[in-house]
Amino acid sequence: MQKVAVVTGGSSGIGLAIVKSLAASGIRAVSWDIRPPSEDVPFVECDVTSEDRVKFAFEETVKNFGEPTILVNNCGLQFMSPVDEFPLEKWNQLISIMLTGTFLCSKTLIPTMKKHNWGRIINISSIHGKVASPFKAAYVSAKHGVIGLAKVMAIELAEHNVTVNTICPGFVDTPLMRAQLTKQAELNKMTEDQVATEIMLKPAYIKKFTSTDQIADMTKFFISESANTITGEAFSLSGGWGMGQ
Ligand code: NAP
């Protein structure tokens, strides 16, 4: 039977690459996003911060595509400010989308995974789930939280053949990364090229942006049977960011 996957934030960037890559490998991958995809891929409108919207999206997905046993918690956004000026509204928004959204989507799909005695949850956290950078208080907190939540779910779901793993990318070339490039250039009074080489890729040993296809390939590996004993892991795709001083 064809497997069904939900990819949150699947209308853009990394999520869209994952949706297309899973579809090419024979999985029915559906984007759950607040906006329609820029390309023709299966889509259900969903704001992951609302339990009612998530439940509704789940029902629509089952009705139109089948019962999902794969969940990629991907959607996210960035906001940068020093902690003492960080607007509470922005803090709440980032935590709601990246941490509470991961919790709500997982909570909603887990019963179906248990029913099928098989499932895969893959979270797209960030290297900022393991290390910190200035001005990213809410992002770093949410992304660290996702890794903790994944470990709890990995323990609870092991007996149901459900694995839970987290991918921690460094910088990936997407609209979100481009927006950060512009913001960092403003904050640091630098050109965007200077920000790329002197700030973004500075902590990485391999001085290259990761591609969206590389994240999609790692996602497919965690879904594969080759990975059926890997759970609770947080795997970096970051050019070695955080390895040394
Ligand atoms: P992106 O291109 O901005 O895509 C994110 C998608 O999520 C957008 O379509 C966005 O819609 C959607 N979204 C926002 N709020 C949502 C909500 N409440 N419910 C459902 N969907 C929502 O971002 P990306 O660069 O591909 O990033 C994807 C993930 O990778 C994020 O979790 C990000 O933190 C992580 N990541 C990215 C990088 C990088 O360098 N790009 C590095 C490390 C980790 P709108 O555009 O309308 O807001």
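Indexing begins at 1, ligand by ligand and atom by atom, following the structure's order.
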*Asks:* How are the rings of Trp241 and His128 set to each other: parallel, tilted or perpendicular (split at 30° and 60°)?
*Replies:* perpendicular
*Asks:* Are more than 12 heavy atoms, taken from residues, nucleotides or ligands other than Lys130, located less than 6.0 Å from that residue's NZ atom?
*Replies:*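 Correct, the count exceeds 12.
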*Asks:* Strictly below 4.0 Å, N to O, side chains only: are Glu225 and Arg120 in salt-bridge contact?
*Replies:* yes
*Asks:* Looking at Phe209, I want to see if its CZ is surrounded by more than 12 non-hydrogen atoms of other residues, nucleotides or ligands under 6.0 Å.
*Replies:*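 Result for CZ/Phe209: enclosed.
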*Asks:* Could you tell me whether Lys3 sits above the aromatic face of Trp118, with NZ or CZ closer than 6.0 angstrom to the six-membered ring centre and within 45 degrees of the axis?
*Replies:* yes
*Asks:* Would you give me the side-chain donor-acceptor pairs under 3.5 Å for residues 64-71, sequence neighbours excluded?
*Replies:*
from  : atom 1 : to     : atom 2 : distance (Å)
Asn64 : ND2    : Glu60  : O      : 3.0
Glu67 : OE1    : Lys115 : NZ     : 3.0
Glu67 : OE1    : His116 : NE2    : 2.6
Glu67 : OE2    : Lys115 : NZ     : 2.8

*Asks:* Sort out the contact shell of ligand 1: every protein residue with a heavy-atom distance below 4.0 Å, listed by chain and number.
*Replies:* Gly9, Ser12, Gly13, Ile14, Asp33, Ile34, Arg35, Cys46, Asp47, Val48, Asn74, Cys75, Gly76, Ile97, Ile124, Ser125, Ser126, Tyr139, Lys143, Pro169, Gly170, Phe171, Val172, Thr174, Pro175, Leu176, Met177
